[in-house]
Protein chains: 2
Amino acid sequence: MNKKVLYKGCLEPILLKLLHENGRMYGYEITRKVKELTAGELNITEGALYPLLHRLEADGVLEAEMENIGNRVRKYYSLTQNGRKEKVKAVSELENFAQTLQLLLNPKPSF
Amino acid sequence: MNKKVLYKGCLEPILLKLLHENGRMYGYEITRKVKELTAGELNITEGALYPLLHRLEADGVLEAEMENIGNRVRKYYSLTQNGRKEKVKAVSELENFAQTLQLLLNPKPSF
DNA sequence: AAATATACACAAGAATCTTATATATAATCA
DNA sequence: TGATTATATATAAGATTCTTGTGTATATTT
């Protein structure tokens, strides 16, 4: 993507779903994973991702642990108990939205 | 919808597609049509719709004509020639986005 | 040695929507 | 008949979410 706005609001459910599936991930890894899953279509920018990660950590949805990789510090994020609940809610909303989009793009013929 | 943000950015392609299919429509009609097509899921608010209509008219994507219905004035919008081009572009971006969403929601198993 | 990949982070600004409000007519309901 | 709901357009203030640009630093590839 990266074209216009479009996927605004979808980042959070996408993130929570990824963390649920992968257990724990760090920021850079998340951007790579999303790019890979979407065949290069969706590039999450750092300016969007890191503020979101910080907000979700502050809200108790995510928890973070630092890890030393060589000389570097890597910050792993994972869902809290509350985060797992949030994930269910957010993803079901996104699925619902995806279906709604389909209704608009391919309306059922009414005859 | 109306729940969170989510469909941000999708309004313009949806609108252009509707106008393409229906020839001409007025604001209130558009809000009803979207609600109908999405089984009540997506409610376009006036605060989102009217500014968008005005912007697209100013940009030469839409043209408007007033019509008197009883004592009331109704404003019909339709696509300009340029608008029809814009419609193709915007809708194909939205379709692409919908597919990208599917990739994230139902990733292809990699084995 | 330079460029690219890895890794995190923030600030300013743009874009898009929500909520609230305003106006006015027409139809329905109690 | 008075109140509510539906029809119809419109604007303003504010919230949210993202993009773009910038900064720092290490590791790897060319």
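What you see below is based on every heavy atom in this structure, not just the backbone, and it leaves out hydrogens, waters and symmetry mates. The sequence lines fix the lettering, A, B, ..., with proteins before strands; numbering per chain opens at 1.
When the nucleotides C/dA14, D/dT7, D/dT9 are ranked by their closest atom to the side chain of A/K8, C/dA14 comes out on top. Residue A/Y26 has its side chain nearest to C/dC8 when only D/dT11, C/dC8, D/dA6 are considered. Taking the side chain of B/Y50 as heavy atoms from C-beta on, and the options D/dT17, D/dA10, C/dT19, the nearest nucleotide is D/dA10. Among the nucleotides C/dC10, D/dA27, D/dT9, the one closest to the side chain of A/R72 is D/dA27. Checking D/dT9, D/dT19, C/dT18 against every side-chain atom of B/Y7, the shortest atom distance belongs to C/dT18.
Residue whose closest nucleotide on DNA chain D sits further toward the 5' end, between B/R32 and B/L53: B/R32. When each of A/A48 and A/R74 is assigned the nucleotide of DNA chain C with its nearest heavy atom, A/R74 is the one assigned upstream, toward the 5' end.
Separating the CD atom of B/E93 from the P atom of C/dA15 is a distance of 15 Å, rounded to the nearest angstrom. Between B/N43 atom CG and C/dT19 atom C1' there is a gap of 14 Å when expressed in whole angstrom units. Rounded to whole Å, the distance from CD1 on B/I44 to P on D/dA10 is 16 Å. Separating the CG atom of B/L49 from the P atom of C/dT16 is a distance of 14 Å, rounded to the nearest angstrom. Rounded to whole Å, the distance from CZ on B/R24 to P on D/dA8 is 13 Å. Rounded to a whole Å, the CG atom of B/N68 is 13 Å from the P atom of D/dT9. Atom P of nucleotide D/dT16 and atom CG of A/L52 are separated by 14 Å, given to the nearest angstrom. A/E46 has its CD atom 13 Å from the P atom of C/dA5, to the nearest Å.
Contact between the side-chain N/O atoms of B/N71 and the OP1/OP2 oxygens of C/dA26 is found at a separation under 4.0 Å. Remark: B/H54 is in phosphate contact with D/dT11, judged by side-chain N or O atoms under 4.0 Å from OP1 or OP2. Within the 4.0 Å cut-off from OP1 or OP2 of C/dA15, not a single side-chain nitrogen or oxygen of B/R55 is found. Residue A/T45 places none of its side-chain N or O atoms closer than 4.0 Å to OP1 or OP2 of D/dC18.
Using a 4.0 Å heavy-atom criterion, one finds that A/L11 contacts the sugar-phosphate atoms exclusively. As judged by a 4.0 angstrom heavy-atom cut-off over every strand, B/G47 is placed among the base-contacting residues.
B/E86 and B/K89 are joined by a salt bridge, as a carboxylate oxygen and a charged side-chain nitrogen come within less than 4.0 angstrom of each other. Between A/R55 and A/E12, at least one side-chain N (NZ, or NE/NH1/NH2) sits under 4.0 Å from a carboxylate O, which counts as a salt bridge. A salt bridge does not link B/E29 to B/K33: none of the charged side-chain nitrogens sits closer than 4.0 Å to a carboxylate oxygen.
Stacking of B/R24 on the aromatic ring of B/Y26 is not recorded, the 6.0 Å distance cut-off and the 45° axial limit not both being met.
With a 4.5 Å cut-off on side-chain heavy atoms, A/F97 and B/C10 count as touching. Taking the side chain as every heavy atom from C-beta outward, B/E46 and B/T31 never approach each other to under 4.5 Å.
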